[in-house]
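Below is one structure; the comments refer to it alone.
Chain naming here is simple, since letters A, B, ... match the order of the sequence lines and numbering starts at 1 in each.
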Protein chains: 2
Amino acid sequence: MSAQTTTRGNDADLAENANGAQRLHTTELANEIEFLTARARSLGSGRANNMLAELDLKVRSYSVLSLACSGENPSQRELADFLSLDPSQIVALVDQLERRGAVTRETDPRDRRSKVIVATTAGRNLYKRAESIIRRAEDQSLSTLSPQERETLRDLLKRIAF
Amino acid sequence: MSAQTTTRGNDADLAENANGAQRLHTTELANEIEFLTARARSLGSGRANNMLAELDLKVRSYSVLSLACSGENPSQRELADFLSLDPSQIVALVDQLERRGAVTRETDPRDRRSKVIVATTAGRNLYKRAESIIRRAEDQSLSTLSPQERETLRDLLKRIAF
DNA sequence: TATTGTTATACTCTATAACTATA
DNA sequence: TATAGTTATAGAGTATAACAATA
């Protein structure tokens, strides 16, 4: 998905550490890439959501805001395609961001059905703060990896994600 | 995936390919490891769920079945911890698998509060078939990676997932 | 008093279909 | 006839609290 989902996140994992489900780490399941990807995502987006809460954002709304700030002037349809979300979910996300003055909908003059999402100045400021939080969250989630390993991971993921 | 979620999966991505949201691939967001992980997970579990449908399983129930077949005799509490799911969700998943005769709940004699989940013969047969489907799904999801790269990815993910 | 499993409930996320306005 | 955005709704997934049995 891309666009991700809220998850139980950190609390559950503290529980696991406190507890003793480490026996299960040697299991077949624990070595499946799909499982590991899902677990990494769950931990990562859980942490990111917790940290973004201070800006009243979630990973979802952050993603939309980020693309609105990208300079690519995405339409809602493009956001839906790229984030693997239904167009109706984009409506709700853009509504929220628009209500707080972070983005505006501008009708594309070349196709008046289409609405381009662009960030306001306030939206770009919000994004700057959110981006730095996301960077800290990512840094924490990847704390066991060296910079080189992080680049390797990024490249491998990029090849399977697109 | 661990604990995962159903996702829109393949259809959305065909739409993306058909469409032209490729502009957004150069975006900052598209290079964030968290985003790529989420997207990879979404594609992967979407595909796996589609393929597991013929066995009337999902990634969730497959994960529980897999751990029930692991020989580690996990309790429901351990399943919840390991899969980052709430204990009440485990109840529902085990109920389903128990109803179809794939697993049984056995009271742990050393702690009669705890119930150990063990696979039946039918459950192990079901798991064999599911496992081969999961392997095919994973193979398709990782088709752009060499065997070596897959191992690298597995190791990196393992270090951030646990 | 604390923990395992269970039930119930509310909330979020996801999927689908129908509508409108534009093309 | 088809597409972008919107609305409404139902379903799946998630989080929380309370309870019984057991420790």
Phosphate contact (D:dA4 OP1 or OP2) by A:Q76 side-chain N/O below 4.0 Å: no
Minimum-distance nucleotide to A:P87 side chain [options: C:dT6, D:dG13, D:dT6]: D:dT6
A:D108/A:R77 ion pair, N-O < 4.0 Å: no
Pair A:Y62, B:E32: side-chain N/O donor-acceptor within cut-off below 3.5 Å: yes
B:V103: which of B:D95, B:T120, B:L65 passes side-chain contact (heavy atoms from CB on, under 4.5 Å): B:L65
Interatomic distance where CD belongs to B:E106 and P belongs to C:dG5 [whole Å]: 14 Å
Footprint string (nucleotides 17-23 of chain D, 5' to 3'): B base within contact, S backbone only, - free, heavy atoms under 4.0 Å: ----BBS
Lys/Arg N to Asp/Glu carboxylate O, A:E131 vs A:K128, below 4.0 Å: no
Nearest-angstrom distance from the residue atom CG of B:L93 to P of D:dG13: 9 Å
Length of the line joining A:R105:CZ and C:dA21:C1', which is rounded to integer Å: 15 Å
B:I90 CD1 to C:dT6 P, straight-line distance once rounded to whole Å: 11 Å
Selected nucleotide, minimal atom distance to B:L85 side chain, candidates D:dA4, D:dT14, C:dG5: D:dT14
Whole angstrom value for the distance that separates C1' of C:dG5 from CD of B:E78: 14 Å
Separation of atom CG in B:L79 from atom P in C:dT6, rounded to whole Å: 12 Å
B:F82 and B:F162 aromatic ring geometry - parallel, tilted or perpendicular at 30°/60° bounds: parallel
Spacing of B:Q96 atom CD relative to C:dT6 atom P, expressed in whole Å: 14 Å
Pair B:R105 + B:E98: basic N to acidic O under 4.0 Å: yes
A:K58 vs C:dT12: side-chain N/O to OP1/OP2 distance below 4.0 Å: no
A:R100, CZ atom: more than 12 neighbouring heavy atoms under 6.0 Å: yes
Length of the line joining A:Q89:CD and D:dG5:P, which is rounded to integer Å: 15 Å
Minimum-distance nucleotide (side-chain atoms of A:K115 versus C:dC13, C:dT7, D:dT6): D:dT6
Minimum-distance nucleotide (side-chain atoms of B:R60 versus D:dG13, D:dT6, C:dT14): D:dG13
